[in-house]
> 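Take this structure, written in C-alpha cells, and hold onto it; I'll ask about it next.
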Amino acid sequence: LALYHDRVTEAVAARLAAPAREEWHGRLALALERQGGGDLEALAVHWAHANRPQRAASYAARAGEQAARALAFDRAARLFRRALELSSESETLGTSAVETSRQDVLLKLADALTNGGRMKEAASVLLTAVEGADPATAVDLRRRAAECLLCSGHYDEGIALLRQVIREVGLAYPESALSVVLHCLLVKLLCKVRLRRYERRAARPATPLESLRAAVAWSAGNGLGMTDSLRGVVFKGRHVLLVEPSGDAGQLARAFTWEALGGGGPDRKYSLRLLDVTRALAEEDGGPFALAWLRACEGGLAYFWGEWQRAAEPLREAEALFRDRCQGVTFEINSVRLMLYRALSFRGLYAELEARAAAAEKEAHELHDLYALNLLRTVARTPLALAAGDLAAADDALAAARAELPAQGFLVQHYLHLNAEGQLGLYRGDGQQVHERLEAHGAALARSNLLRIAIIRILVRDQRARAALLAARQGGRREEYLRDAQGQARALGRDARYPWARALAQVLDGCIAHGRGDTAAALAAFDAGAITATESGLHVVAASARLRAATLRGGDAGRAQEAAARAQLLDMGVRDADAIAQLHAPLP
C-alpha cells in the first residue's frame, strides 16, 4: 500500500514507539527480500532502522557496487561510506551468507572517489586501508595514494609519500638537478636501444616485485610528468623498460605514449616511430583507453612541436574519449586540457576557451583539484582576461593560483604562474619589472631543468625579449635592453626544429629594428613574422604583427591591412587590439 501523501506517512510513523518502529522496518525489509530484485539502498535503510546494522551495511555495500557499475560514482561513494559507518569496527559486513570485508569496502570507496575525480579524498581512504594490509599491499596502497595526491596538485604531501614508496621497492630517486639529467639521458638511451626497432615479444609473466616496481614507476612518472617534468621523464622511461616484456597492448600503448612525449618529443623521428607503434597497439587493444592515449599522443606531439593548428583537434578528441568512455582519468583529462587551452589561446579561439574553462572550473572547485585550478587560472583565465581587457579578473585569478602553489621546488605550476604574471605585467606596460622578475627566477628555472623542455624555453626567451623591449622605453639602459632582446631573438631564430619560435623571433626583430629607427627592416620582419606565425597557428601574434606592419606601411594599403587586422582580433574576442598588439609586439 503506497500512501498518497508523505505527511500521512510522517503522521503515522510519529505515533509509533521505537520498538514498534524497528519491528515494522524489519518486516518491510523481510518483505522486500522475499520479493527479490528489490531496491538495495531501501533495504539498507530499513535494516538500519530495524537496528540490524551489519545486515544494513551489507546492502549498502551492494548498493554501492550497483551504483559504481552504473558509473554513478558520487552515489557509490556515499553508499560505501554508509556501509563503513554501519559496520563500525567489525572486520566483515553483513551476514554469513552475504559477507564482505571492511578492507574491500574501503578499496571500493577509494575506486569510486578516484573515478569520480575526488583524488584527495581517495588518497585519505587508501592510507586508511593501509592499516592491517600485508606489506606488499600496503606499499601498493601508499603508491596509489601518492599518485592521487600528486595528480590533484597536492604536491608537498604527495612527493613525501612517493619518495617513501620509491625507496621501499628499491628504485632510485634522482636528487640533484645534475643527477636528474644523467638519469634522464641514461633511461632515454636504454629506451631508444630497446624500442627503435621495436617488435612485440611473447608475453612473459612478471614477478610480484616486478609488477609493483612497474606500478610505482608509472605512478611516479604520471604524478611528476606535468609537475616536475624531467624527473617524470626518468620514471616514465623506467616504466617502459619494466612493462615492455609484458606484451600487453593496452599497457604498452599507454607507456609508449608517455615515452613519445617525454621531454617534449625533441627527437622527432623517434617520437613518430613510437607514435606508429602506439597506433598499432591501440588498434589491437580496441579499447577507449588505448585510443584516448593515441589521440593524446598525436595532439601532444603537435603541441610540443608548436604546431598549434594541428594540435587542437586530436586533443579535443582525447579529452572527449577520456571524459566520456574511461574511468579514473581526471589527471589525464587535465593534462590534455593544459595543452588544449594553450593551443586555443594562441589561435585566438577565446570563445571556445571560455566555454571549456567555465565547465572545467566548476568541476575543479567541487573536487578541490589544485592541479586543474592552477591550469585554469594561469593558462586559461589569464589570457581570457587580457583579451577582454579585464585586469581585475587577471589579478584575482593569479592571486588565487599564487596562494596554492606547492611550497617545495620550482615546478611546472610555478613556471605557469610566472609566465601568466609576466603576461599581465607586459599588458600593463611594466617591462622593467617583468624583466627583473625573470632574471630573479633564472637560477630556479635552470635548477628545475624546465628550460630543457622546448616549449618552456621558447616562451621564457620570448617573454624576456618582450620585457626588455618595453623596459628600453622606461629607463636609461635602452641599448642594454635592446641588446638583451636581440640576443633572445637570435636564440629563438636559431632553432630550426620549431617554426613557431622563428615566427616569434621575426616579430621581435621587427620591434628591435623599429626601436633602432630602421623602418624598412622592421616592416620586412613584421611581414615575415605574420606569415610564419599564421602557418604555425599563432593567430593572435600574426594579427599583432600585421597591425604593426600596417602602421609602418601607411597609405591606403596600410589602412586596409590595419582594418583587416583589427577585424580579425575583434572576431577573436579581443576588446583592445592596440593593447594586445603591444603585448605581443611591443615597440621600444
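As the structure is a computational prediction, the values presented were derived from the model and not from experiment. Residues: numbered from 1 along the sequence shown.
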> Using only atom types and a distance under 3.5 Å, with no angle test, would you say the side chain of Ser544 pairs donor to acceptor with the backbone of Val540?
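Here the side-chain-to-backbone pair exists.
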> How about Leu353 and Ser345: do any of their side-chain heavy atoms sit closer than 4.5 Å?
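Yes - at least one pair of side-chain heavy atoms lies under 4.5 Å apart.
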> So, Arg553 and Asp527, do they make that salt bridge, N to O below 4.0 Å?
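A salt bridge is present here (some side-chain N lies under 4.0 Å from a carboxylate O).
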> With a cut-off of 6.0 Å (strictly less than), are more than 12 heavy atoms of other residues, nucleotides or ligands near CZ of Arg490?
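Result for CZ/Arg490: open.
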> Show me, pair by pair, the donor-acceptor contacts under 3.5 angstrom made by side chains of residues 578-588, not counting sequence neighbours?
from: Asp578; atom 1: OD1; to: Arg566; atom 2: NH1; distance (Å): 3.4
from: Asp578; atom 1: OD1; to: Arg566; atom 2: NH2; distance (Å): 2.8
from: Asp578; atom 1: OD2; to: Arg566; atom 2: NH1; distance (Å): 3.4
from: Asp578; atom 1: OD2; to: Arg566; atom 2: NH2; distance (Å): 3.4
from: Gln582; atom 1: OE1; to: Arg548; atom 2: NH2; distance (Å): 2.6

> May I have the step-by-step check of salt bridge (Lys or Arg N to Asp or Glu O under 4.0 Å) for Asp390 and Arg575, ending in yes or no?
CA-CA 9 Å; Asp390 190 348; Arg575 181 180 176 184; over 6 Å; no
> Gln423 vs Arg428, test: side-chain hydrogen bond (donor to acceptor under 3.5 Å, both in side chains). Steps then yes/no.
CA-CA 9 Å; Gln423 291 296 91; Arg428 286 190 164 121; over 6 Å; no
> Show your reasoning for whether side-chain contact (heavy atoms from CB on, under 4.5 Å) applies to Leu459 and Gln463.
CA-CA 6 Å; Leu459 289 174; Gln463 191 175 82; over 6 Å; no
> Once you round to the nearest 0.5 Å, how far does CG of Asp556 lie from CZ of Arg559?
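Going from the CG atom of Asp556 to the CZ atom of Arg559 covers 4.5 Å.
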> Taking atom CG of Leu451 and atom CZ of Arg461, what is their separation to the nearest 0.5 Å?
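Reported to 0.5 Å precision, the distance equals 8.0 Å.
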> Side chains of Pro406 and Gln413, heavy atoms from C-beta outward: is any pair under 4.5 Å?
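In contact.
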> Answer whether the closest heavy-atom distance between the side chains of Phe526 and Arg546 falls below 4.5 Å.
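With C-beta onward as the side chain, the pair stays apart.
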> Minimum heavy-atom separation for Leu523 and Leu552, please, with both atom names.
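Answer, listing the atom of Leu523 first, then Leu552: N-CD1, 3.9 Å.
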> Quick one, Thr534 and Val541 - any side-chain contact, counting heavy atoms below 4.5 Å?
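Not touching, per the 4.5 Å side-chain cut-off.
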> Are the charged groups of Arg377 and Glu361 less than 4.0 angstrom apart, N to O?
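Judged by the 4.0 Å cut-off on N to carboxylate O distance, Arg377 and Glu361 do not form a salt bridge.
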> Taking only residues two or more places apart in sequence, or in another chain, which ones meet Glu157 in a side chain to side chain contact (heavy atoms under 4.5 Å, CB included)?
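Glu157: side chain to side chain contact (heavy atoms under 4.5 Å, CB included) contacts with Lys120, Leu149, His154.
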> Once you round to the nearest 0.5 Å, how far does CG of Leu376 lie from OH of Tyr371?
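Spacing of CG (Leu376) from OH (Tyr371) equals 11.0 Å.
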> Asp74: what forms a side chain to side chain donor-acceptor pair (under 3.5 Å) with it, not counting sequence neighbours?
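Arg118.
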> Would you tell me whether Arg483 and Gln488 have side-chain atoms, one donor and one acceptor, within less than 3.5 Å of each other?
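There is no such pair (donor and acceptor under 3.5 Å, judged by atom type) between the side chains of Arg483 and Gln488.
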> May I ask you to decide whether Glu439 forms a salt bridge with Arg464, counting only side-chain N to carboxylate O separations under 4.0 Å?
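Salt bridge between Glu439 and Arg464, a charged N being under 4.0 Å from a carboxylate O: yes.
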> Looking at side-chain heavy atoms only, is the closest gap between Thr114 and Glu147 below 4.5 Å?
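Not in contact.
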> Between CD of Gln433 and CG of Leu438, what distance do you get to the nearest 0.5 Å?
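That separation rounds to 11.0 Å.
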> What's the verdict on salt bridge (Lys or Arg N to Asp or Glu O under 4.0 Å) for Arg337 and Glu332, showing C-alpha distance, side-chain angles and the deciding distance?
CA-CA 9 Å; Arg337 283 174 177 168; Glu332 285 81 352; over 6 Å; no
> CG/Leu386 to CZ/Arg381 distance, rounded to the nearest 0.5 angstrom?
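The CZ atom of Arg381 is 12.5 Å from CG of Leu386, to the nearest 0.5 Å.
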> Would you say His239 and Asn222 are linked by a side-chain donor-acceptor pair, where the criterion is simply a distance under 3.5 Å?
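His239 and Asn222 do not have a side-chain donor-acceptor pair below 3.5 Å.
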> Show your reasoning for whether side-chain contact (heavy atoms from CB on, under 4.5 Å) applies to Tyr155 and Leu224.
CA-CA 9 Å; Tyr155 178 82; Leu224 297 174; 4.1 Å; yes
> Go through the steps to decide whether Asp285 and Leu252 satisfy the test side-chain contact (heavy atoms from CB on, under 4.5 Å), and finish with yes or no.
CA-CA 10 Å; Asp285 179 84; Leu252 290 173; over 6 Å; no
> Please determine which of Leu275, Thr278, Asp276, Leu261 meets the side-chain contact (heavy atoms from CB on, under 4.5 Å) test together with Phe256.
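When side-chain contact (heavy atoms from CB on, under 4.5 Å) is applied between Phe256 and each of Leu275, Thr278, Asp276, Leu261, only Thr278 qualifies.
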> Are the aromatic rings of Trp293 and Trp258 close, with centres under 6.0 Å apart?
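Between Trp258 and Trp293, which both carry aromatic rings, the centre distance is below 6.0 Å.
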> Assign the ring pair Trp308 / Trp500 to parallel, tilted or perpendicular, where the plane angle (0 to 90°) is split at 30° and 60°.
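Perpendicular.
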> Over all heavy atoms of both residues, which pair between Ala260 and Leu301 is shortest? Give the atoms and the distance, please.
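Smallest interatomic distance, heavy atoms only, reads O-CD2, 3.5 Å.
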> Salt bridge or not between Glu259 and Lys236? Use side-chain N to carboxylate O under 4.0 Å.
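No, Glu259 and Lys236 are not salt-bridged.
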> Show me the side-chain donor-acceptor pairs of residues 501-516 shorter than 3.5 Å, one per line, residues at least two apart or across chains.
from: Gln506; atom 1: OE1; to: Thr532; atom 2: OG1; distance (Å): 2.8
from: Arg516; atom 1: NH1; to: Gln486; atom 2: OE1; distance (Å): 3.0
from: Arg516; atom 1: NH2; to: Glu479; atom 2: OE2; distance (Å): 2.5

> Residues two or more places apart in sequence or in another chain: which of them pass side chain to side chain donor-acceptor pair (under 3.5 Å) with His539?
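With sequence neighbours excluded, His539 shows a side chain to side chain donor-acceptor pair (under 3.5 Å) to Gln309, given in chain and number order.
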> First locate atom CG of Leu411, then atom CG of Leu450, and finally report the distance between them rounded to the nearest 0.5 Å.
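If we round to the nearest 0.5 Å, Leu411:CG and Leu450:CG are 7.5 Å apart.
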> Applying the side-chain contact (heavy atoms from CB on, under 4.5 Å) criterion to Thr378, which one of Leu398, Leu373, Asn419, Leu338 satisfies it?
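The residue from Leu398, Leu373, Asn419, Leu338 that satisfies side-chain contact (heavy atoms from CB on, under 4.5 Å) with Thr378 turns out to be Leu398.
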> Leu344 and Arg356: side-chain contact (heavy atoms from CB on, under 4.5 Å), yes or no, with the steps?
CA-CA 10 Å; Leu344 295 175; Arg356 288 179 177 275; 3.9 Å; yes
> Heavy atoms only: give me the nearest Arg342-Val379 pair and the separation to one decimal.
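Looking at all heavy atoms of both residues, the closest pair is N-CG1, 3.9 Å.
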> Classify the side-chain pair Tyr415/Ser448 by whether it contains a donor and acceptor separated by less than 3.5 Å.
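Judged by distance alone, the side chains do not pair up.
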> Indicate yes or no: at least one non-hydrogen side-chain atom of Arg447 is less than 4.5 angstrom from one of Phe410.
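Counting from C-beta outward, Arg447 and Phe410 never come under 4.5 Å.
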> Show me the donor-acceptor pairs, under 3.5 Å and distance only, between side chains in residues 310-318 and residues at least two apart or in other chains.
from: Arg310; atom 1: NE; to: Glu307; atom 2: OE1; distance (Å): 2.9
from: Arg310; atom 1: NH2; to: Glu307; atom 2: OE1; distance (Å): 2.4
from: Glu313; atom 1: OE1; to: Arg316; atom 2: NH1; distance (Å): 2.9
from: Arg316; atom 1: NE; to: Glu352; atom 2: OE2; distance (Å): 2.8
from: Arg316; atom 1: NH2; to: Glu352; atom 2: OE1; distance (Å): 2.9
from: Glu317; atom 1: OE1; to: Arg295; atom 2: NE; distance (Å): 2.8

> Between Trp305 and Arg497, is there a cation-pi geometry (under 6.0 Å to ring centre, at most 45° from the normal)?
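No, cation not above the ring by the 6.0 Å, 45° rule.
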> Quick check: do Tyr481 and Gln432 have side-chain heavy atoms less than 4.5 Å from each other?
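The answer is yes; the side chains approach within 4.5 Å.
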> Does the side chain of Glu404 come under 3.5 Å of the side chain of Asn374 through a donor N or O and an acceptor N or O?
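Absent: no donor and acceptor within the cut-off.
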> For the side chain of Asn449 and the backbone of Leu230, is there at least one donor-acceptor N/O pair under 3.5 Å apart?
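No.
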> Would a 4.5 Å heavy-atom cut-off, applied to side chains only, mark Val180 and Asp228 as touching?
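A side-chain contact is absent here, since even the closest heavy-atom pair is not under 4.5 Å.
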> Of all heavy-atom pairs between Ala550 and Gly558, which one has the smallest distance, and what is that distance?
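Taking every non-hydrogen atom into account, CB-O, 3.3 Å.
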